[in-house]
Every structure is written in structure tokens, then in C-alpha cells.
Amino acid sequence: MRIRTDDEVYRVDAVWLGPPKATFPWRARYVAWLIGIPAFFVVLGIERWAGWSFGFFSTAWAFVATIAITRLLTAKISHERPLGTVVAMAGRELNTPREVTTGTGGAVSASRVRVRAERPLPKHRRRRQYQHHGTPPGAAFTQGTPRARRSRGNAARAGR
């Protein structure tokens, strides 16, 4: 037993073959006319904006470009994806937020990097050196200590 689907009903295109008793030699869906006529005027406007004069050949090329544009657009339109859905999808695609690909900030510079003339001592040797030498409280540290700790004395470190 073969089960028939209702796909044949949807495969029928709503076409306009032309006026009665003077039909066109081609089949064009209503949606193709709806897209093609405004596209023709847009192509003509672009030709005038580009500086082409109005004549037979410029109009013929506009007609050819309109047919190409209409065929491209109507290839995306079917009974499952109507024109309104395609237009809405294109509008959402153009207006959707995009990921920012450019970085923020300016040029990188090494002007804020501090460079010392002598090598700093390792952490364990720094502690031993100051403990063995018996630096008096309140005295400033001189060699190999971070700048933030230079102004503090041993009394400030005693609470740690």
C-alpha cells in the first residue's frame, strides 16, 4: 500500500501567464513579479547614479540584471519559506549584534617598566640578610627590596 502525501498541492506555483488571449512565453510566479518590478527600478536608479545615460542598451542591461537578481531571490522563496519570512530573516541578520573583533586600548609601551642596575636578591636571602645585619627599626631598606617596602621599617613587618 502506498501512502500519498499532500506535497503536490504545495508544488503548484501561483503564476501569472499574462493577459487573456495574450499570454507571456514564460511562467513567472506572483512573488517574482512582486520582487522583479521594484528591483528593475532600483537597478535603473543605480545606473543613473553611476552616470550611465538612459538608452536602449542601459535599459536592456538593467533588464538582464533584474532577471538575475529576481532569480537569485526567488530561489530562496518557496511555499515552506514565504517572502515575508525571507525578508524578516534578512532584516534580523543585518541588525543582529556582532562580536567586537577589534581590541580596545592604545599602543603598548614599556615606559612604565622599572629597570634596576643591580640584580635583586632571592626572597629567602633578603630576609636572612636583614635579620643577620640587624637593621635598626625605622631604617630604610636599600638593596633588592620592592619600592613599596622601602619606606617601612622592621616594626611594620613585625605584625605579620
Side-chain angles (χ1 to χ4, degrees), residues 1-124 126 141 143-152 156-157 159-160:
M1 174 185 259
R2 185 174 179 191
I3 299 173
R4 297 190 55 149
T5 63
D6 60 350
D7 288 342
E8 289 93 22
V9 174
Y10 293 108
R11 285 191 189 136
V12 175
D13 290 331
V15 297
W16 186 57
L17 298 176
K21 297 183 182 176
T23 60
F24 293 130
W26 63 84
R27 290 176 49 111
R29 296 186 294 172
Y30 286 119
V31 70
W33 290 103
L34 183 67
I35 292 172
I37 292 171
F40 180 69
F41 289 120
V42 168
V43 170
L44 281 177
I46 291 172
E47 282 184 354
R48 298 308 159 271
W49 179 74
W52 293 5
S53 62
F54 186 75
F56 174 76
F57 288 108
S58 65
T59 308
W61 280 113
F63 190 68
V64 169
T66 301
I67 291 172
I69 291 169
T70 304
R71 288 189 61 129
L72 284 171
L73 292 176
T74 54
K76 304 291 183 194
I77 297 169
S78 67
H79 69 278
E80 292 176 353
R81 185 186 289 171
L83 177 63
T85 305
V86 173
V87 170
M89 181 176 59
R92 289 187 188 113
E93 183 67 30
L94 292 174
N95 293 327
T96 190
R98 304 281 186 220
E99 179 182 355
V100 178
T101 57
T102 58
T104 57
V108 178
S109 171
S111 64
R112 292 185 169 234
V113 177
R114 288 182 283 138
V115 179
R116 297 191 184 139
E118 64 276 346
R119 269 181 71 183
L121 294 173
K123 210 177 231 185
H124 67 280
R126 264 189 261 152
F141 296 118
Q143 181 183 2
T145 59
R147 183 175 284 204
R149 292 189 184 166
R150 284 186 186 171
S151 61
R152 292 193 240 161
R157 291 176 55 162
R160 289 189 189 172

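For the side chain to side chain donor-acceptor pair (under 3.5 Å) test, no residue two or more places apart in sequence or in another chain qualifies with Thr101. When the side-chain contact (heavy atoms from CB on, under 4.5 Å) test is applied to Leu34, the partners found at least two apart in sequence or on another chain are Leu83.
Between Ala32 and Thr70 the shortest heavy-atom distance is O-CG2, 3.6 Å. A pairwise comparison of heavy atoms in Val43 and Ala65 identifies CG1-CB, 4.1 Å as the closest pair. The heavy-atom pair separating Lys76 from Arg81 by the smallest distance is O-CD, 3.2 Å.
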Show every donor-acceptor pair shorter than 3.5 Å between a side-chain atom in residues 50-62 and any protein atom, with sequence neighbours excluded, or say none if there are none.
unit_1 : atom_1 : unit_2 : atom_2 : d
Ser58  : OG     : Ser53  : O      : 3.0
Ser58  : OG     : Gly55  : N      : 3.0
Ser58  : OG     : Gly55  : O      : 3.2
Thr59  : OG1    : Gly55  : O      : 2.7

If you look only at distance, which donor and acceptor atoms sit under 3.5 Å apart when one is on a side chain in residues 84-97 and the other is two or more places apart or in another chain?
unit_1 : atom_1 : unit_2 : atom_2 : d
Asn95  : ND2    : Gly91  : O      : 3.2

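The local environment of CZ in Arg98 is crowded, with over 12 non-hydrogen atoms from other residues, nucleotides or ligands closer than 6.0 Å.
The line from CZ of Phe40 to CD1 of Ile69 is 11.5 Å long, rounded to the nearest 0.5 Å.
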